[in-house]
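Reading through the structure tokens given below for one structure.
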Amino acid sequence: MAQKPVQDKSKEKEKNPNAYEFIEVESKIKNFWEKEKIYSTDISKLNKNTYSIDTPPPTVSGKMHIGHSFSYSQQDFIARYRRMKQGVFYPWGTDDNGLPTERLIEKTKNVKSKDMTRSEFIKLCLKTLKEITPDFVEDWKKLGISADYDNAYSTIDDNSRKLSQKSFIELFKKGLVYNKEFPTIWCPECQTAIAQAELEDKEHPSLFSTLRFKIAKTNDDLLIATTRPELLPACVAVFVNPKDKRYKNIVGKKAKVPLFDIEVPILTDESADIEKGTGVLMICSYGDRFDADAINRHKITPRIVLNPNGTLNQHAGKYQGMKIKEARKQILFDLKEEDLITEQKQITHVVNVHDKCGTEIEFIPTKQWFIKVLDKKKELIKQGQKINWHPEFMKKRYENWVEGLEWDWSISRDRHFGVSIPAWHCEKCNEIIIAEEKELPIDPMQKEKKCPRCKSVAKPEEKVLDTWATSSLTPQIASSLIKNKITIPYSLRPQAHDIIRTWAFYTITKSYLHENKTPWNNTMISGFVTLGGEKMSKSKGNVIQPQTVLESYGSDALRFWAAGSKLGEDLDYQEKDLVTGKKFITKIWNATNFVFMNLEKYTPKKVKLEKMDELLINKLNSLVKNTTEYFEDYEYSKARSEIEKFFWHDFADNYVEIVKNRVYNSSGQKKESAQFTLYNSLNTIIKLLAPIMPFITEEIYQKYFKKNEKVKSIHICEWPQAEKTKDKEESNKHFDLICEILSRVRQEKTKAQKSMKAEIILTLEKKEKEAIEYVLEDFKAVTCSTEIKEGKFRVEFI
RNA sequence: GGGCUCAUAGUCUAGUGGCAAAACCGCUCGUUUACACCGAGCAGUCCGCGGUUCGAUCCCGCGUGAGCCCACCA
């Protein structure tokens, strides 16, 4: 016998040979899955019954963040369950097209896309993506996301570009795409048109100044309040409300714009609010969308002062060339010098900014491409209603968004990196020439086209498609990887709720416009991760990195945490939840050690079961039934908590304790019945748990169960089936009663400050005593009762 | 201003038309043939007010508070 080093107990604990080393195990298991291609799609096995998932392709624009790890875990629970149940198509892709990727490249390579030629920049993007994508994807693999990485798409690869351009051409031919000059939402930082869905609110401090306009001829003051004095040179009219008595006598006259030698008409318009500011509204081209509407309505000629790069043009006179903010400051200074400001106050107001860069947006008339959606709101809502939303209330968010649409879908971007718009324009005939399908993917800048009418060389379209114009085709792109063996509607679209208005909406739109189908039958919408109740964001500095969490707790623990909140609910990140997960994993590991310690040389075989064992198996059957139903309903959190409860309390705390005596001290059928039950119930438990904690369950499976089960991986084993048993409810009540009495006995021992092993004489009510009779030996052993009497409940210590 | 969601132990979350549950924390004990990363025990006006009901934490209405989305933002 080895001598125990008594003094150094702590070190001994660290070296516990049976401890579960999650870092080693998880990395080993991950490699095993990759090597054995456990999650690779076998095209020949895809069929009607295959559960197909329109996996979100994460944007290659940094690292996996905690929100990703949360929502991808949740979708992976469902994917893994379905894989065991019926087989899945769970493709993988990355979204590396368009502005987010461009911005990433600009940042990491310290370049400006607009300063480079298009082809140079694209080359740099593709090269950089090649470098960074494998590392980027690695985080998802470490998390145990079981998508098919071997057969992945990128939204900028040739195939995706081809499909995206094909979609553009089809919609153009259907008359659903149009090209129009229009004051559109413009980001002066990114220098591109953007879509309504890319707007975000931001609070900004601002100066609210009341300016002295003059009435022409009379030279009377006309006071107008504004936060945007730099738009004075763009002022084309002033509005007063027709009901506003104060200004009745000036309607129809002209107003003189301060600092600028411009006279503009004074018009009546309902949109002028009597209560706001001075009641006089200046109309600029363009301050906001309502300016654009108003100018249109009154047929006023706009005077554009902003260049696409956010500087002022020649109409701004001496302010030409200044950036918006600079001009604002200078104009305010000059106004003050000439005593043209009557009042000024500091306010904070909410402005629209571009979600990618936080820059305040402007309205600049440019020629852009649009997909018609405004005339189809009703149909698009109807399409949304055909989909099962999990949770249901997320459907409402979709409907609200569609109802609130104000613009057609703006799909062109004045950028370099993206899917090119496959069009040419003959400036003579005003003819649009569209690429042919066999030419796709195509870059019009690299290919000369002649106008079919006048035969002159047409101008290639320089703009690219918005990244959503491509990612809205992820079902079709994924299908093309598997010879279209799976087509829409897919079974499931998982995603988070922030992109209902973009990804979900645009995908529904495209599938409707192209095929008049919904893209999926179900969608599961994940919530967000918060920290102390607040949304995590880099600017607040309250970001938790999943990579750090993975290092200290492991994937299974992180996933266990992600399974803790119900679908659609936000979850507050708390480290203690990771601790809980890790403890649970340890518990499983230790319980497994116990089971197999007692199953040496055991081969599973049917035996006549002892009553206690039968009760446990019945209870387990109920667990299988419930867990299955929960997973069917996307209620992974209920599945988690029920499995957890069963495993820890029914199985480990109670059953294992009860059965110990029989395992240690008996032989023959009594022992075999216990062994059979331990083996089978643990096997079932780890299978039920496999979708949520794929690593430890695989490790246990490989180590102990594989040799009898013969399937390569637990994750492609068949999902456990609940056996039909008679009187299940009765049996479960019986089981619970036994546990409840046991618990009361333990309570008494605790109260008396006695050991659990203290021997007792137990007195039970008649009914309870009868219940115990069936499992008498086991029960006496676990409670250390020497005798069980009938009467009022009592525990006597010997 | 409109829509949606949430409100349960000190904290964070489950859950249910009829004894309200787990985890973390704290306290009191126990324990060494799986596990001290253990076992047993101790915690709540289930936001307020009305209604439906034999019975409401749960269903309905109103209110309060928080979050998210949208709109407004001279």
Side-chain angles (χ1 to χ4, degrees), chain A residues 13 16 18-20 196 199-201 203-204 206 208-211 223-228 231 238-239 271-273 275-284 287-288 290-291 347-352 391 393-401 403-406 497-498 500-501 527-528 530 532-535 561 564-566 568-598 637-638 640-642 644-645 648-649 652-653 656-657 660 663-665 743 745-758:
Chain A
K13 228 193 296 172
N16 179 357
N18 292 324
Y20 180 66
Q196 188 183 349
L199 297 181
E200 234 171 45
D201 285 350
E203 283 227 327
H204 265 272
S206 181
F208 188 58
S209 317
T210 307
L211 308 183
L223 303 181
I224 303 181
T226 181
T227 53
R228 303 210 52 190
L231 288 179
V238 301
F239 283 1
S271 67
D273 187 334
E275 305 291 319
K276 271 191 188 163
T278 61
V280 188
L281 174 63
M282 72 170 193
I283 301 298
C284 303
D288 57 37
F290 294 96
D291 282 352
I347 57 161
T348 39
H349 67 161
V350 180
V351 292
N352 277 138
F393 69 79
M394 290 294 181
K395 178 162 70 187
K396 201 75 197 166
R397 294 206 182 179
Y398 168 80
E399 290 172 3
N400 282 344
W401 173 255
E403 275 161 12
L405 281 176
E406 307 262 11
H497 61 67
D498 56 328
I500 290 177
R501 64 183 190 168
F528 264 17
T530 57
E534 283 192 54
K535 204 168 148 179
W561 162 76
S565 92
K566 97 184 137 174
E569 294 294 317
D570 293 349
L571 182 63
D572 208 55
Y573 176 84
Q574 301 224 31
E575 193 155 1
K576 69 181 180 61
D577 294 331
L578 275 303
V579 174
T580 309
K582 210 175 152 199
K583 278 189 179 178
F584 184 57
I585 289 159
T586 307
K587 187 79 182 177
I588 294 169
W589 189 246
N590 288 330
T592 304
N593 283 340
F594 166 79
V595 167
F596 286 94
M597 210 175 266
N598 294 295
S637 63
K638 285 187 188 172
R640 184 199 99 168
S641 71
E642 191 152 334
E644 186 186 2
K645 218 185 318 184
W648 205 302
H649 299 113
D653 289 346
V656 165
E657 290 304 323
K660 265 180 185 171
V663 169
Y664 295 146
N665 304 324
S743 145
V745 172
R746 285 173 174 160
Q747 233 173 85
E748 289 301 317
K749 290 188 178 179
T750 299
K751 259 190 219 163
Q753 304 197 352
K754 296 274 188 187
S755 154
M756 288 300 138
K757 298 233 154 135

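Treat the numbers as computed from the prediction; the structure is a model and nothing was measured. Letters go in sequence order (proteins before strands), and every chain restarts at 1. Because only heavy atoms are used, hydrogens play no part in the values below, and waters and symmetry mates are left out as well, while side chains stay in.
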Taking any heavy-atom pair under 4.0 Å as a contact, classify [X]: base, sugar-phosphate, or nothing.
| X | answer |
| --- | --- |
| M597(A) | sugar-phosphate |
| K660(A) | base |
| L281(A) | base |
| K396(A) | sugar-phosphate |
| F290(A) | sugar-phosphate |
| V656(A) | base |
| E748(A) | nothing |
| W401(A) | sugar-phosphate |
| G404(A) | nothing |
| K566(A) | sugar-phosphate |
| T530(A) | nothing |
| S271(A) | base |
| D273(A) | base |

Establish, with yes or no, whether the OP1 or OP2 oxygen of rU28(B) is under 4.0 angstrom from a side-chain nitrogen or oxygen of Q747(A).
no
Could you tell me whether the phosphate oxygens of rG39(B), OP1 or OP2, come under 4.0 Å of any side-chain nitrogen or oxygen in S743(A)?
no
Is there a donor-acceptor pair closer than 3.5 Å between any side-chain N or O of [X] and the backbone N or O of [Y]?
| X | Y | value |
| --- | --- | --- |
| Q196(A) | E406(A) | yes |
| D577(A) | Y573(A) | no |
| T278(A) | L223(A) | yes |

So V238(A) and I283(A), do their side chains get closer than 4.5 Å, heavy atoms only?
no
Minimum side-chain heavy-atom gap F290(A)-S271(A) below 4.5 Å
no
How far, in whole Å, is [M] from [N] if one measures between their [atom1] atoms?
| N | M | atom1 | value |
| --- | --- | --- | --- |
| rU33(B) | rC47(B) | P | 47 Å |
| rG61(B) | rU52(B) | P | 15 Å |
| rU45(B) | rA9(B) | C1' | 13 Å |
| rC68(B) | rU28(B) | P | 42 Å |
| rU57(B) | rG18(B) | P | 11 Å |
| rA56(B) | rA14(B) | P | 26 Å |
| rG39(B) | rC4(B) | P | 45 Å |
| rG51(B) | rG17(B) | C1' | 15 Å |

Nearest non-hydrogen partners of [X] and [Y], listed with the distance:
| X | Y | value |
| --- | --- | --- |
| A225(A) | G277(A) | CB-CA, 4.3 Å |
| A272(A) | L281(A) | CA-CD2, 4.2 Å |
| M282(A) | D291(A) | O-OD1, 4.2 Å |
| K583(A) | W648(A) | O-CH2, 4.0 Å |
| S565(A) | S637(A) | O-CB, 3.7 Å |
| S755(A) | K749(A) | O-CD, 3.5 Å |

Starting at atom [atom1] of [X], determine the distance to atom [atom2] of [N], rounded to an integer number of angstrom.
| X | N | atom1 | atom2 | answer |
| --- | --- | --- | --- | --- |
| F528(A) | rG67(B) | CZ | C1' | 12 Å |
| F596(A) | rU33(B) | CZ | C1' | 18 Å |
| D653(A) | rC37(B) | CG | P | 17 Å |
| F393(A) | rG67(B) | CZ | C1' | 12 Å |
| Q196(A) | rA71(B) | CD | P | 6 Å |
| K276(A) | rG1(B) | NZ | C1' | 11 Å |
| I347(A) | rC73(B) | CD1 | P | 12 Å |
| K395(A) | rU5(B) | NZ | P | 12 Å |

Every protein N/O lying under 3.5 Å from an N/O of nucleotides 21-25 of chain B:
from	atom 1	to	atom 2	distance (Å)
rA23(B)	O2'	T580(A)	OG1	2.5
rC24(B)	OP1	K583(A)	NZ	2.8

Under the salt bridge (Lys or Arg N to Asp or Glu O under 4.0 Å) criterion, do E642(A) and K645(A) qualify, and how do the steps go?
CA-CA 5 Å; E642(A) 191 152 334; K645(A) 218 185 318 184; over 6 Å; no
Quick check on K754(A): does its NZ atom have over 12 non-hydrogen neighbours (other residues, nucleotides or ligands) under 6.0 Å away?
no
Ranking N400(A) and E406(A) by the position along RNA chain B of their nearest nucleotide, the one closer to 5' is N400(A)
Between E657(A) and M394(A), name the one whose nearest nucleotide on RNA chain B is closer to the 5' end.
M394(A)
Side chain of [X]: nearest nucleotide among [options]?
| X | options | result |
| --- | --- | --- |
| Q574(A) | rA14(B), rA71(B), rC12(B) | rC12(B) |
| K587(A) | rG67(B), rU28(B), rC38(B) | rC38(B) |
| D572(A) | rC4(B), rU13(B), rG41(B) | rU13(B) |

Considering only heavy atoms and no angle criterion, is a donor-acceptor pair shorter than 3.5 Å present between the side chain of N352(A) and the base of rC73(B)?
yes
Is it the case that rC37(B) (base atoms only) and K582(A) (side chain only) share a donor and an acceptor within less than 3.5 Å, ignoring hydrogens and angles?
no
In dot-bracket form, how is RNA chain B paired, counting a Watson-Crick or G-U wobble pair only if both its distances are under 3.5 Å and using | for bases paired to another strand?
(((((((..((.(....[..).)).((((((....).)))))....(((((..]....))))))))))))....
